[in-house]
Amino acid sequence: MGITSGIVLFAVIWFMTFLVAIPIRLKTQGDMGEVVPGTHAGSPEVHNLKRKAWITTGIAAVIWAVVASIIIFEVVTVRDIDSWMFNRMDGTSHVK
């Protein structure tokens, strides 16, 4: 795995983790009982995005380390996945 693919893998894992973390402990204007005129009651009042971003970075780093290790040390390869699911990479080509 190259540097660019490692950065892309981290970015994908980070954003997926962040999207899971955003709704956790979110307090809406409706929950607080103070809805600003012209806004939806489900609009966030207390969201703690900075804290969630730091927590997400730590969790994403751990997940990235596990996934990167699996890729680098070839614990599971594309051929392994193919042999378990599709069996299309048997070495013969059917293209003429």
Side-chain angles (χ1 to χ4, degrees):
M1 177 169 53
I3 293 173
T4 305
S5 58
I7 292 169
V8 169
L9 179 64
F10 182 79
V12 169
I13 291 171
W14 190 91
F15 277 103
M16 288 176 54
T17 308
F18 191 59
L19 290 173
V20 169
I22 286 175
I24 297 173
R25 291 189 176 177
L26 180 73
K27 293 183 181 174
T28 64
Q29 291 180 9
D31 294 339
M32 303 297 282
E34 301 172 6
V35 179
V36 176
T39 62
H40 192 273
S43 299
E45 182 70 29
V46 179
H47 48 71
N48 299 319
L49 282 181
K50 188 175 183 179
R51 183 171 183 228
K52 288 179 185 179
W54 281 109
I55 292 170
T56 297
T57 302
I59 293 170
V62 172
I63 294 171
W64 178 83
V66 171
V67 173
S69 298
I70 289 170
I71 292 170
I72 291 171
F73 295 117
E74 297 180 350
V75 176
V76 178
T77 63
V78 173
R79 288 201 180 270
D80 293 336
I81 295 170
D82 177 67
S83 67
W84 294 331
M85 299 177 73
F86 306 111
N87 204 20
R88 295 180 186 166
M89 297 175 73
D90 58 356
T92 61
S93 176
H94 300 291
V95 178
K96 296 193 183 213

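Computed from a predicted structure; not experimentally measured.
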Is it possible for you to say whether Val62 and Met16 belong to one hydrophobic cluster, with membership spreading through side-chain heavy-atom contacts below 4.5 Å?
-> no

Gap between atom CH2 of Trp54 and atom CD1 of Ile59 - 0.5 Å precision | 14.0 Å

List for me each residue that meets side-chain hydrogen bond (donor to acceptor under 3.5 Å, both in side chains) alongside Trp64, sequence neighbours excluded, and say none if there are none.
-> none

To the nearest 0.5 angstrom, please state how far the NZ atom of Lys27 sits from the CE atom of Met32.
-> 6.0 Å

First locate atom CD1 of Ile13, then atom CG of Leu9, and finally report the distance between them rounded to the nearest 0.5 Å.
-> 4.0 Å

Do Trp14 and Thr57 have side-chain N/O donor and acceptor atoms under 3.5 Å apart?
-> yes

Does atom CG of Leu19 have more than 12 heavy-atom neighbours, drawn from other residues, nucleotides or ligands, at distances under 6.0 Å?
-> yes

Provide the closest heavy-atom pair for Leu26 versus Pro44 in the form atom of the first, atom of the second, distance.
-> CD1-CB, 3.7 Å

Ile71, Ile7: one ILVMFWY side-chain cluster at the under-4.5 Å cut-off?
-> no

Considering non-hydrogen atoms only, spot the tightest contact between Ala68 and Met1 and give its length.
-> CB-CE, 3.4 Å

So, for Ile22 and Lys52, which heavy atoms are closest and what is the spacing to 0.1 Å?
-> O-NZ, 2.6 Å

Mind checking side-chain hydrogen bond (donor to acceptor under 3.5 Å, both in side chains) for Ser43 and listing every partner two or more places apart, or none if nothing turns up?
-> none

Starting at CD of Gln29, measure out to NE2 of His40 and round the result to the nearest 0.5 Å.
-> 10.0 Å

Is there a chain of hydrophobic side chains (I, L, V, M, F, W, Y, each step under 4.5 Å between heavy atoms) that links Ile24 to Leu49?
-> no

Taken in chain and number order and not counting sequence neighbours, the residues that satisfy side-chain hydrogen bond (donor to acceptor under 3.5 Å, both in side chains) with Asp31 are Thr28

Which distance, rounded to the nearest 0.5 Å, do you find between the OG1 of Thr56 and the CZ of Arg51?
-> 11.0 Å

In one Ile/Leu/Val/Met/Phe/Trp/Tyr side-chain cluster, 4.5 Å: Ile72, Val78 = no

Side-chain (Thr77) to main-chain (Glu74) donor-acceptor, under 3.5 angstrom | no

Which atom of Val36 lies closest to which atom of Thr39, heavy atoms considered | O-OG1, 2.6 Å

Hydrophobic cluster identity match, Val66 and Val12, side-chain contacts under 4.5 Å | no

